[in-house]
Amino acid sequence: MKLKLLLIFLFLAVLFIPTESKPKHKDKHKDKHKDKPRGHGREKKKQTFEDIIEDIIFKESSDDDDEDHSFLDWLRDLQDLDGECMPNPCLNNGVCKQKGRRGYKCDCPRPFRGRRCEKGPKVCRRGVCGRGECVLTSTAPFYECKCKYPFQPPDCKRYSVCEPNPCRNGGQCVQEGNDFDCQCPEGFSGRFCHVGPNDCYVDDGESYRGNVSETDDGFDCLYWNSHFILENAADPFNSFENDDGLGPHNFCRNPDGEPRPWCFFRRGLRLFWDYCDVNKCPKPTGRPEPPTGGPQTPTSGPQAPTSGPQTPTSGPKPPTVQPPPTTTEAAKTTKEPIGPPVVPSPSPAPKQFETCGVAQPKKTLTRIFGGLKVSPGAIPWQVSLQQKPKNSNMKYSHVCGGVLIKSCWVLTAGHCIEQNKDMQVVMGTLSLDIHDPSAQVIQVENAIVHENYRETSEAVYNDIALLRLRGTNGVCANETQFVKTACLPSGQISDGTECTISGWGATEDSNYGSNHLLEANVLLISQTKCSEPTIYGNVLNNGMFCAGYLQGGVDSCQGDSGGPLTCKQNNTSVVYGVVSWGDQCGKKNKPGVYSRVSNFLDWINSKTRGPA
Ligand code: ARG
C-alpha cells in the first residue's frame, strides 16, 4: 500500500515539477523575444535585492578578459578564405592590414583594442564597479560606476537601504528587508519617482527628453555610455543620425526613426533592446501642447539619480555567440535623414523600381550585429508571407519570408506554399504588430512552385517559388523608401563573402514572437566543405549552398524561410539565396542551407517575363 502511495506521489511529482526548459536554440533572430523571462508576459517585473546578488554578471569569474581570439582564425581557416582582410575581421571600424600571407593586423580606432578591436577600454575591468554598471567618461579615470540600488557609490560594493533616501520628488522610501519601495507623490512614477507627470512623447518620440528608463517589460535601461554596449560592438554615439538626445544617462530615446522611444538592456551577458514604457502625450485639445518629456521637477536635473535607477554591468565578457565581423564599409554609409513615411500613391509613378538592390542609406546603428535590429528601409525587399485558411475570416499570420524582385513578383521558398490557403504579403515595415503607415499589404494572386520541388527526409530540393501579386496595370507594390526590389545575381559569388540574412523568424504558433525584422551577417561556405561527411555529406546539390558559421551561432531559423540572403555585387544587393533548410538552428557544423538563386535564373525569368 505504502509503495503504491509512493508511486502515485512520484507520478504526480513528475507531472507537476516543471520540466527543464529545452535548451534555447541560438537563433539570433529570435533572441529578443524568445529569451524573455517566462511568466512575465507584458506584466512588469521588479528586480529584487536577490536578483542583483544572483546576477551572473556580478559573479566572480576566473576568466580574465582576454577572450578567445582563435575563434575567428579557426573559422577562417576552415572556410579557406583567400585574403585575410576579406571580409574584414576587425570590429568597431578597425582597419584591416594584410600581414604576410596568412596574417592580418587591425588598426583600432580609440578606445578599442584587441586583435580584432573587440575590446573596449580597459578601465571597466570585471568587478571594478561591484554591483553596478561601468560607464565610460571622457575625463580621468575614464569610467564611473552607476550602482544598482541599494548598492552605493563610489564602487557599488557596500549597500544601504533607504539611507539616504533614493526616492526623488518627495517620494517616501519604505524598506522591505533588503528591498525598498518608493511611494511617489501623485503624478510621479518610476522606481525612484523620477518620472514626472508630464513625461510623455509626441509623434515617434524623436524629441523625447524625459526620464523614463525602463523597457515595456520592466527591464532597466543601460546607460548609453555603458561599457557593456560598447563591448558588444555597438557604439550609440557614433552610429545614429540624431544622437543629440543621447548622453551619459539611461533614459529612453529614439535616435533612429523607431516608432517610439527605446533603450538597450542586458540579460545575463547579452545585449538586447526594446521599446520603453513611456506614455504618448495626449492630443492637444485646444490647450498648449504638453512638453515632450522635458524637465519634470525643479530638483531633478536631466539625469537619473546618481545612486538611483541603474543597470549593472562590469563584466566585459561578450556574449557567447560572437558577432560576425562588421565591415567598415557599412559604417561609411551616407547620412541622409529619412523623411516622413511615404504613403503609396494610388496611380503608378512612371519610374517605379528602375533600380534594384539599393537600400535606404542607414540612419540607425551602422550595424547592430547578430540579429538585433534592422533600420527602416535597410532591407526594403524583405517581405512577410502570410496565410490563412481559404475563404475564412481568420487573421493572416506570418509563415515565411520572401523577396520582392519586381513590382508584382516575390521570390520565396517552395516549402512555404500550402494549398488551400489565402495568401498576402506585407512589405515596407519592420514590425508585424504595429500599425505602420508605410506598410504595403498586397494579396497574392497565385503561387508558382518549382516543377521539380521535392522534399526528402534529408533535404529540400528546388526549394523555390514565385508569388504573383495582385495589382493593376502591372503595378502591385509601389516603390517607396521602404519598399524596393532586390536584384537577381549575375554569376557566382566567392566563398567566404559576407552576406546578409533577414527575417521575422516568428513561428506560426508564436503570436508573441519576434515582431521586429532582424538581420545577421553570414559567410558563404564552400560546397566542398559543406558536403563533408560531418556537415551535410552528399545531400547537397547545385541548387543549394550553405552559409553561416561552422562553429554555430548566427543562423536563420524557423519562420525565416523564403527570406533573402543578399550579397553585394558591384555595390548593389543581389538575392543570392533563399532561406531553405538546416539541421536545427545555429548548431555547430550545421549551417543554414539556401536555395542557390543563380541556378534558377532561367526559371525565374521565364515565369516573370513581362513589364512588372
Ligand atoms: N525551414 C525553415 C523555415 O521554414 C528555415 C530553416 C532554416 N534553418 C537553418 N538552420 N538555417 O522557416
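Counting convention: from 1, in listed order, for ligands and their atoms alike. Along the sequence shown, residues carry numbers from 1.
Contacts between Asp560 and ligand 1 below 4.0 angstrom, taking non-hydrogen atoms only, involve the backbone exclusively. Contacts of Lys590 with ligand 1, taken as heavy-atom pairs under 4.0 Å, are absent altogether. The proximity of Ser580 to ligand 1, defined as any non-hydrogen pair under 4.0 Å, is limited to the backbone. At a heavy-atom cutoff of 4.0 Å, ligand 1 is contacted by no atom of Ala413, backbone or side chain.
Residue-ligand proximity, Gly559 to ligand 1, at heavy-atom distances under 4.0 Å covers atoms 3 (C), 12 (O). Remark: ligand 1 atoms within the under-4.0 Å shell around heavy atoms of Cys585 are 10 (N). Listed by number with element, the atoms of ligand 1 under 4.0 Å from a non-hydrogen atom of Gln584 are 9 (C), 10 (N). Every atom of ligand 1 is numbered from 1 in the order shown, and the set under 4.0 Å from a heavy atom of His415 is 1 (N), 3 (C), 4 (O).
For the pair Asp495 (side chain) and Leu524 (backbone), a donor-acceptor distance under 3.5 Å is absent. Without hydrogens or angle criteria, Lys406 side chain to Thr608 main chain gives a donor-acceptor distance under 3.5 Å. Although no hydrogens or angles enter the test, the distance criterion places a donor-acceptor pair under 3.5 Å between the side chain of Gln527 and the main chain of Met544.
Cysteines Cys499 and Cys567: SG-SG separation is under 2.5 Å. On the SG-SG cut-off of under 2.5 Å, Cys585 and Cys557 qualify.
A donor-acceptor pair shorter than 3.5 Å can be found between the side chains of Gln386 and Ser384.
Relative orientation of the Tyr576 and Phe545 rings is tilted, given thresholds of 30° and 60° on the angle between their planes.
Remark: minimum distance from atom 9 (C) of ligand 1 to any protein heavy atom is reached at Ser556 O, 3.2 Å. From the protein, the heavy atom lying nearest to atom 2 (C) of ligand 1 is Ser561 OG, 2.7 Å.
Polar contact check, Asp555 against ligand 1: a nitrogen or oxygen pair lies under 3.5 Å apart. When only interatomic distances are considered, the shortest N/O to N/O separation between Tyr594 and ligand 1 does not fall below 3.5 Å.
Atom CD of Glu451 has more than 12 neighbouring heavy atoms from other residues, nucleotides or ligands inside a 6.0 Å radius.
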